[in-house]
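The analysis underlying the following values was restricted to heavy atoms, covering all of them including side chains, and did not include hydrogens, waters or symmetry mates.
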Amino acid sequence: MHIPDGFLDAPTSVAGGVLAVAGVAYCLRRASTELDDRLAPMAGLVAAFVFAVQMLNFPVAAGTSGHLLGGVLAAVLVGPAAGALCVAVVLMVQALFADGGLTALGLNITIMGLVTAFAGYAVYRALLAVLPRREASVPLAAGLAAGVSVPVAAAAFTAFYALGATSDVPVGTVLGAMVGVHVLIGIGEGVITGLTVGAVIASRPDLVHGAALVRRPLEVRTQAPAVPAGGA
Amino acid sequence: MATATTARRSGRTRAFVLAGLLVALLLAAVVSGFASGSPDGLERVAEDKGFAATAEDHALAGSPVADYAVEGVDDERVATGLSGVIGVTLTFAVGAGVFALVTRRRRAVPDEG
């Protein structure tokens, strides 16, 4: 879904850039609280893994392919803020490979990083609230949320398209086509995300940030009252 | 005792990260050669609906690794695999570096944790 230069006009690209800078700044602050400081290499691994799997385009229909976006995968593994940062790192490195426009980098970080990680993680949390409270629910919820995040990202692209397209194709036409094909790509996203999270849960459940939601978090927070007092 | 447990866990985490990196490198180096070359969802929509022509050439189209190839390597599958290895390595280095800085800054200001 990498937007090349030229699809969207300069003001819209600047708006995407501003959103991306603000979002990345927020994520940098928040990631330091989400991420255990021993886990920096884990976040690096998540980014590297997303880069690798984004290379693996799978066919979804005649003459059309899709690839993992990875926002929900990263968000479930290392938390939404760190996860969005992982995707942002991937997109910046991909610019060296001439994948995704330079002026569109902010738009791409906003849509494929921030929107998928945060909207997808919200869906993930909502699913965990209704699924049985055990670790086996984590890959299922992650996969379903990942699947949903792809058409959501397609809709987000269309919103920017509505703001500043350089062509005059009707917004409704673009929305229908984008969401339609990305529902199919979302199936692949969901399967890859579910399998990957399942593999990490099976070997190192403690390394899955989003799995903490199915443990009993209240019992391990005996020192919690002292921290907000000091932090405020 | 607590430090021994912590050391053992971080040792296991290092092993996990190394194993994961190996998987990522294999995917990027080998499996990437079998990926579909068809246009992706956005490219397909742009072509079908008629706004593909508004795309401009990439500013870094002259990069030695542009389009997941490697300058001077003719075999397409080898070039893709090689660019994948470069990309995965670079992404890990940048990612781990950024996150090391983020968490180090927190250690410097412990009250904000």
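- Heavy atoms of Val53(A) lying under 4.5 Å from chain B belong exclusively to its side chain.
- Within the 4.5 Å cutoff, the side chain of Thr80(B) has heavy atoms near those of the Met55(A) side chain.
- Using a 4.5 Å cut-off on side-chain heavy atoms (C-beta onward), Phe7(A) and Leu42(B) make contact.
- You'll find the side chain of Leu28(A) reaches within 4.5 Å of the side chain of Val98(B), heavy atoms only.
- When each of Ala62(A), Ala95(A), Gly180(A), Pro59(A) is checked for heavy-atom pairs under 4.5 Å with chain B, Ala95(A) comes out on top.
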Where do Thr103(B) and Ser32(A) land on the side chain to side chain contact (heavy atoms under 4.5 Å, CB included) test, with the steps shown first?
CA-CA 5 Å; Thr103(B) 50; Ser32(A) 69; 5.6 Å; no

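- Proximity to chain B involves both the backbone and the side chain of Leu96(A), based on heavy atoms less than 4.5 angstrom apart.
- To the nearest 0.5 Å, atoms OH (Tyr68(B)) and CD (Gln54(A)) are separated by 7.0 Å.
- Between Leu27(B) and Leu56(A), the shortest heavy-atom contact is O-CD2, 3.7 Å.
- Under the 4.5 Å side-chain criterion, counting only non-hydrogen atoms from C-beta, Phe49(A) is not in contact with Thr91(B).
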Test log, rule side chain to side chain contact (heavy atoms under 4.5 Å, CB included), inputs Val174(A) and Phe51(B):
CA-CA 10 Å; Val174(A) 174; Phe51(B) 62 94; 4.0 Å; yes

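- When the candidates Gly95(B), Ser36(B), Ala96(B) are compared by the number of heavy-atom contacts under 4.5 Å with chain A, Ser36(B) comes out ahead.
- Of the two parts of Leu207(A), only the side chain, counted from C-beta on, holds a non-hydrogen atom closer than 4.5 Å to a non-hydrogen atom of chain B.
- The minimum heavy-atom distance linking Phe16(B) with Val200(A) is given by the pair CZ-CG1, 3.8 Å.
- Under a cut-off of 6.0 angstrom, the local environment of CD in Glu76(B) is sparse, with at most 12 non-hydrogen atoms contributed by other residues, nucleotides or ligands.
- Ala154(A) does not touch chain B: none of its heavy atoms, backbone or side chain, sits under 4.5 Å away.
- Checking side-chain atoms of Asp40(B) against main-chain N and O of Met1(A) turns up a donor-acceptor pair under 3.5 Å.
- Contact count against chain B (heavy-atom pairs under 4.5 Å) is highest for Phe97(A) among Phe51(A), Phe97(A), Phe157(A).
- Proximity to chain A is limited to the backbone of Ala52(B), based on heavy atoms less than 4.5 angstrom apart.
- Per-residue counts of heavy-atom pairs under 4.5 Å with chain B were compared for Ala47(A), Pro4(A), Ala48(A); the largest is that of Ala48(A).
- A 4.5 Å side-chain heavy-atom check between Arg12(B) and Arg204(A) finds at least one atom pair inside the cut-off.
- The candidate from Ala53(B), Gly41(B), Ser63(B), Ala93(B) with the greatest count of non-hydrogen atom pairs under 4.5 Å with chain A is Gly41(B).
- Considering every non-hydrogen atom in both Ala24(B) and Ala52(A), the closest pair reads O-CB, 3.3 Å.
- In this structure, Leu102(A) and His58(B) have side chains that are in contact, with non-hydrogen atoms separated by less than 4.5 Å.
- Counting heavy-atom pairs closer than 4.5 Å to chain B, the top-ranked of the candidates Leu85(A), Thr64(A), Thr166(A), Val46(A) is Thr64(A).
- Other residues, nucleotides and ligands place more than 12 heavy atoms under 6.0 Å from the CG atom of Asp206(A).
- Note that OG1 of Thr54(B) and CG of Leu8(A) are 8.0 Å apart. Values are rounded to the nearest 0.5 Å.
- In terms of heavy-atom pairs under 4.5 angstrom with chain A, the leader among Leu26(B), Val85(B), Leu60(B), Val65(B) is Val65(B).
- Interface summary for chain B: among Gly66(A), Pro41(A), Pro170(A), the most heavy-atom pairs under 4.5 angstrom belong to Pro41(A).
- Counting heavy-atom pairs closer than 4.5 Å to chain B, the top-ranked of the candidates Ser167(A), Ser65(A), Ala40(A) is Ser65(A).
- Of the two parts of Val23(B), only the side chain, counted from C-beta on, holds a non-hydrogen atom closer than 4.5 Å to a non-hydrogen atom of chain A.
- Counting heavy atoms from C-beta outward, Val78(A) and Phe99(B) have side chains that stay 4.5 Å or more apart.
- Note on Ser32(B), Ala55(B), Gly50(B): by heavy-atom pairs under 4.5 Å with chain A, the leading option is Ala55(B).
- Within the 4.5 angstrom heavy-atom criterion, atoms from both the backbone and the side chain of Ile3(A) approach chain B.
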